[in-house]
Amino acid sequence: MIKPIKWSNGKVRMLDQSKLPLKVSYIICSDYLKVAEGIKKLWIRGAPAIGIAAAMGVALGAQKIKTKGFDEFYKALQPIFSAILSTRPTAVNIEWAINRLKKLLLSNNNLGVEKLKTLLIKEANKILKEDIETNRAIGKWGAKFIKDGDTIITHCNAGSLATGGYGTATAPMRVAVEQGKKIQVIADETRPVLQGARLTAWELMKDRIPVTLITDNTAGALMKRGEIDLAIVGTDRTARNGDVANKIGTYSLAILCKEHGIPFYVAAPTSSIDFSIPSGEFIPIEERGADEVTHISGCRIAPREVKVKNIAFDVTPAKYITAIITEKGVFKPKDLYKIQKLKIKN
Ligand code: MRU
């Protein structure tokens, strides 16, 4: 199983996903600005993975701070928090990870700076480890919705590459396969950046999970033919009412599922649920550069100077979602708020 990011010899090592599947190469980040650049340029992407990168970036930046007392140390961390928070707005995991580190620091303000630096590295690694455990739990809860022989459609990449490992949307698929069920995965190619074609197809093939790649506009036709049994996608930020922001095209897929009576599941680790916002309207949606739409692999496919709209995420209203699969259990969107009453770490 692929692990896209790790802390290695005092540096952050990330698999450069922008080059996949043609080239498997790694980027070694020795300062937090490189980590921030990696998040912005999609060397690392996917909500949980960029949360982990954020934590590692802060830990990395902290190592170079030369102040002594807690207050000065905490002050020196502020530009690092800001640089990382400003990379990508939609996935709440970046904020989630940084808030977790802030809380940890503030509750250990009696420790010396060197101890705090070590604590940050440990916590970033803990976030990575917990993420994989979370995904396995999502897999166990979600696999019960997959029957032997099912065909599952997914959008973008919510797999190992988008997380610490194992994936969120791919977790129920992986567990179903481990349980001996024969399944087929349909991967939407996911324009404009092609995470489905470049990443989901690649990682599932590597793990010998049968996968068929389609263009995004093929999904409806396959549903009409009765060739899809269920959909499972990931999320970048889910609001308290169960509205889900995920890669652009998720909303259209959910409507297609509704029209064809196909269950539409969202795999959502609690780290990507934002209980502070009442609905999807409050989710900040990232807009990216025109070149992602006008070019494919560096090759221009649209007229020069054409006007472009490149919205990276959309919001699927809760009414289209059959259930949200978390590591704490499965919830109807309207019942998602109940998770807050369960005991959740951080
Ligand atoms: O722009 P990306 O590639 O970061 O978008 C990723 C997605 O939309 C994923 O589906 C989402 O982050 C969930 S990943 C487990």
Side-chain angles (χ1 to χ4, degrees), residues 2-5 14-20 38-54 87-97 128 131-132 134-139 142 153-174 187-200 202-204 216 231-238 244-254 264-274 283-289 292-293 310-316 321 324-327:
I2 311 145
K3 295 196 181 146
I5 184 161
M14 51 176 81
L15 175 58
D16 181 357
Q17 299 189 32
S18 68
K19 303 261 174 8
L20 287 174
I39 298 173
K40 262 192 200 147
K41 293 188 172 162
L42 311 184
W43 300 339
I44 182 123
R45 29 69 49 206
I50 59 179
I52 297 162
T87 51
R88 298 193 76 192
T90 303
V92 73
N93 301 62
I94 295 184
E95 251 166 87
W96 171 86
L128 166 61
D131 183 62
I132 299 174
T134 292
N135 295 339
R136 288 193 184 271
I138 288 174
I153 191 163
T154 191
H155 192 68
C156 191
N157 173 266
S160 296
L161 288 164
T163 61
Y166 210 72
T168 59
T170 55
M173 306 172 195
R174 291 182 189 282
D188 281 352
E189 66 173 349
T190 319
R191 273 284 282 150
V193 188
L194 301 169
Q195 289 93 332
R198 296 187 305 103
L199 309 177
T200 303
W202 182 74
E203 72 163 78
L204 293 182
D216 297 326
I232 312 180
V233 300
T235 174
D236 283 80
R237 188 185 301 235
T238 291
V244 164
N246 191 48
K247 180 53 55 195
I248 193 80
T250 304
Y251 172 48
S252 325
L253 187 69
F264 184 87
Y265 297 101
V266 175
T270 47
S271 61
S272 54
I273 304 174
D274 185 350
I283 300 177
I285 300 293
E286 177 180 12
E287 292 208 24
R288 295 184 60 88
E292 289 182 352
V293 179
N310 185 12
I311 306 169
F313 298 93
D314 57 28
V315 175
T316 299
I321 298 164
I324 297 178
I325 308 164
T326 78
E327 75 275 23

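Remember, it's 1-based here, ligands and their atoms both numbered in the order they're listed. Nothing fancy with the numbering, it's 1 onward along the sequence.
Not counting sequence neighbours, the partners of R288 by the salt bridge (Lys or Arg N to Asp or Glu O under 4.0 Å) test are E286, E292. With sequence neighbours excluded, no residue forms a side-chain hydrogen bond (donor to acceptor under 3.5 Å, both in side chains) with T168. Judged as a salt bridge (Lys or Arg N to Asp or Glu O under 4.0 Å), and not counting sequence neighbours, K40 has no contacts.
V193 places a side-chain heavy atom less than 4.5 Å from the side chain of R198.
T190 and D188 share no side-chain donor-acceptor pair at under 3.5 Å.
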Below 3.5 Å only, please: the N or O atoms of ligand 1 paired with protein N or O atoms, distance on each line.
from     : atom 1 : to   : atom 2 : distance (Å)
ligand 1 : 1 (O)  : R88  : NH1    : 3.4
ligand 1 : 1 (O)  : R88  : NH2    : 2.8
ligand 1 : 1 (O)  : K247 : NZ     : 2.8
ligand 1 : 3 (O)  : R45  : NE     : 2.8
ligand 1 : 3 (O)  : R45  : NH2    : 3.2
ligand 1 : 3 (O)  : Q195 : NE2    : 2.8
ligand 1 : 4 (O)  : G46  : N      : 2.9
ligand 1 : 4 (O)  : R88  : NH1    : 2.7
ligand 1 : 8 (O)  : D236 : OD1    : 3.0
ligand 1 : 8 (O)  : N246 : OD1    : 3.1
ligand 1 : 8 (O)  : K247 : N      : 3.2
ligand 1 : 10 (O) : N246 : OD1    : 2.6
ligand 1 : 12 (O) : A47  : N      : 2.8
ligand 1 : 12 (O) : D236 : OD1    : 3.0
ligand 1 : 12 (O) : D236 : OD2    : 3.1

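Salt-bridge check for R191 with D216: failed, with every basic side-chain N at 4.0 Å or more from each acidic carboxylate O.
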